[in-house]
Each structure stands twice: as C-alpha cells, then as structure tokens.
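Given the structure is predicted, the values throughout are model-derived calculations rather than measurements. Order of appearance sets the numbers: ligands from 1, and atoms from 1 within every ligand.
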Amino acid sequence: MKVINIGLIGFGTIGSGVADYLFKNASGLNKKTGFNFKLARIAEKNSKKVPTKYKNLLTSAENVINSSDVDVVIELIGGINPAKDYILRALRNKKHVITANKALLAEYGELLFKTAEKENVSLKFEASVGGGIPIISSLGDSLIANEIESILGIVNGTSNYILTIMEEEDIPMKKALAIARNKGYVEKNPLLDLEGIDSAHKLAILIKLAFGFMPKFSRIYCEGITHISSLDIKYALESGYRIKLLAVAKKKSKDEIEARVHPALLPLTHMLSSVRGVFNAVYVKGNLVGEMVFYGRGAGRMPSTSAVISDLVELARCLINKDCLCRKYRIISPQSLKSIKSLQCRYYIRFMAVDKPGVLAAISGILSAQNISIANVIQKERGAAKSVPIVMMTHEAEETGMQKALGKIERLKMITDKPVCIRVEG
Ligand code: HSE
C-alpha cells in the first residue's frame, strides 16, 4: 500500500476535524481505498490548540511546504495571506494541494490553477463551496456532459439562518444577527456573510466549474441582506414568496454569463424556498439532466472534513497514477459577465408614503415613464404611524429603468423612507 504523507496547515475548526478523522478512521479509510494515509506534519501558529496526541507532528508551515516527505498539503487557515504564498510555494514544490479557501480561490484562482497546471500537480477544493455537499465534484465530473444553463445557490448558511429566524420568530435583523453570533455562525468579519461577499466568493468558484472560466471577482454584482426587514419578509410571504440570499449564474448567450448575489423573492413552491437555517442548497439546470438540487450542511467541522477527505482520496489516485487533475475541469475561453444594469426581472417594491390622495398616481406615473408595468399593488391600512406601506409587484422590467424610477420616487415629498426593492427569481 502506497503511503500518502499529509501535511496539514491550520488546526482550526476544519483542520482539527481532518486530524481527528484521520486519527480515528485512517485504517477504515485505508481498507476502503487501498491507500495508506498518514498525517505526517501539522503546522499551527497557536500550538496550544493542538492536543498532546499530535504534538510530535507539530512543525512550521515552512517545513510542511518544503519537506520532501510530504505528498499532499492541506491548507486550512483561510484568508488571502499567508495562505496564497503557502499554496503557491507548495505547488511549485510539486506537492498536490487541498484547500477550503473560498476567498483565495475567488480572488486568485486563475493564478493558482495556472501554477498547478504548470507544475503538473493538482489543486482540490471540495470544501470551499457548500461544506459537505459534493457540488464541486458533481459539477466538475458527474455533470461534465451537460451545458450548464443556470445555477441558483443558497451558499451562505449564516445569512440563511438569519433570514429564517427573522421569519420564524418575527424578530429584526439586529436580534437575529446577535443570535447567529452567539451560536458561532458568523465569520470573524460579519460583512462577509451579511454583504453577500462570501456567497460571491463561492459563486466565482461555481462559475469556474459550470462555465469553464474564472470570472473577475470584482465584476460579480454583490448585494447583501442588511436592508431586509421582517416587514418585507412578512409581505413577501403573504404574496407566496420567501426572501433568500441567492447566488445566481446564468448562461445568457454563447459568451455572456449573468453573475449576481442579492436577496431575492423566491416562490414558496421553488425547491430552494424550503432551505431553512444554516443549510445550503445549489440548484443546477443542465441541458441533459434538467433540474437538480444539491442540499446539505454548508459548513461545520465534520461536513467540511468529509469534503477534504474526498479530495484526499482523489489526490491519492493521482499520486499512484503519476497524474494530475489540472485538465479535469471544463476549459472554455473566458466569457464576459453581463452588467447588472441590463438585468430583466420582476421586482417587489415597497414605499412608505403619507396617506394622501395622488400618492399612488405619482408613483405609478414614474414607473410607467420607465416602462415598468405594475402586476399588483397593496396599500396596507393606516395604523398609528404617519406613513403607510405601499407594496407592489411589477411585471418584468429592466434594472436601469427600475433604479431610475426608485431615485425619482424617493425624492417625492410624500415618500417618507428610502424605497425597498427586491428582485424576484424563479
Ligand atoms: N460563513 C460561511 C457560511 C461559512 O455562513 O456559510 C461556510 O463557508
């Protein structure tokens, strides 16, 4: 049995999960796969985190990258620096690399994949999107015969959890965020979750697999959930929709892709609408298979460990066959990302307005001047508050016209708050 020596960099949530899995289950895994997996070295800045049973493996990241007896480097420290440098140097030292680092892949994927190809080694990243859900290998391998038409993903568990409890417990965003923090769900930088950046990182990786090119990350439209209120969640439900933070990629023409992250109203009948709490799901439509949904735990110690171990076994096969996986993914010449300005969709809009004659006429006049047709409108009863909510659903309209109309409506005297506008998907 070929011994596969593993060098682990980072002993955090996932790193410790991988180490513990190998410690307890290596012999079972070896039986299942015919390899001999051996955790050879661990690099962790904070050595206090590493239990005594692993102390003899503790070393520096330099040592993991440079040791001739390490076959596979697993990078699980996250963030851009120093992870980028570690991975590049490990690849240049002809080591296969596994990473869960979504931000790094989204920003520097092109450089990392090119380096792996040049050095004839592999870079694997199953845990970077959807935690334990095997979405990377499904898009990269199982669905390779398909032209992917669209992907819709709930790929950030934290924001999905926040939206879920805002609905279920009828609480404001601030309170929901505090609960999510208490449960340890929120990233160190909460904006990654709340502003949709983490979802956009994952979307960039999914685009690489589904459409064959690494998009320029800054060109992905990204809007988070911070402006979503329990009021809109309630009104959306009354109309048969649920608000979800979606990562969307759609093939629009031979060389154009739509790539966007934003909250969206999804019909309650859509499969992604029932994804609750921290769960993730990715809906894929391929020309041969039609619609599919991949659902499961998008984060966490053992689901992510499951993904890392699957990468490890595939790399072991490469090592045996003296092969690499760099040519495994679709290779298509870069395509351009369509600007959000040309998006065509239906919209949910809510205005807070003084309850006076002429308000609806003024709003609908502005919308119609931008060629936006209203599908339905509900004005809620006036309570004690000075202003009343006016909730509208539009027919399909263009983003540019919608933004112009919203700007004009916001400036009307009878409008008391910034209008809320949420795209409708599905
Ligand atoms: N912050 C991420 C999430 C962790 O909430 O999904 C998993 O990538």
Using a strict cut-off of 4.0 Å, indicate which atoms of ligand 1 neighbour a heavy atom of K102. 2 (C), 4 (C), 7 (C), 8 (O)
Could you tell me if K183 sits above the aromatic ring of Y161, with its cationic atom closer than 6.0 Å to the ring centre and no more than 45 degrees from the axis? no
May I ask you to check whether over 12 heavy atoms, not counting those of R301, lie within 6.0 Å of atom CZ? yes
Does an N or O from N280, backbone or side chain, lie closer than 3.5 Å to an N or O of ligand 1? no
Ring geometry between F279 and Y295 (parallel below 30°, tilted from 30 to 60°, perpendicular above 60°): parallel
Taking the six-membered ring for Trp, are F37 and Y21 closer than 6.0 Å centroid to centroid? no
At less than 4.0 angstrom from any non-hydrogen atom of E187, what atoms of ligand 1 do you find? 1 (N), 2 (C), 4 (C)
Does an N or O from K202, backbone or side chain, lie closer than 3.5 Å to an N or O of ligand 1? yes
Using distance alone, decide if ligand 1 has a nitrogen or oxygen within less than 3.5 Å of any nitrogen or oxygen in G157. yes
Counting heavy atoms under 4.0 Å, the part of V278 that contacts ligand 1 is neither
Can you pull out the closest protein heavy atom to atom 5 (O) of ligand 1? Residue, atom name and distance to 0.1 Å, please. T158 OG1, 2.5 Å
Numbered atoms and elements of ligand 1 in range of G298, under 4.0 angstrom, heavy atoms: 7 (C)
Is the side chain of E256 donor-acceptor paired with the backbone N or O of E258 at a distance under 3.5 Å, no angle test? no
Indicate yes or no: does K244 engage E425 in a salt bridge with an N to O separation below 4.0 Å. no
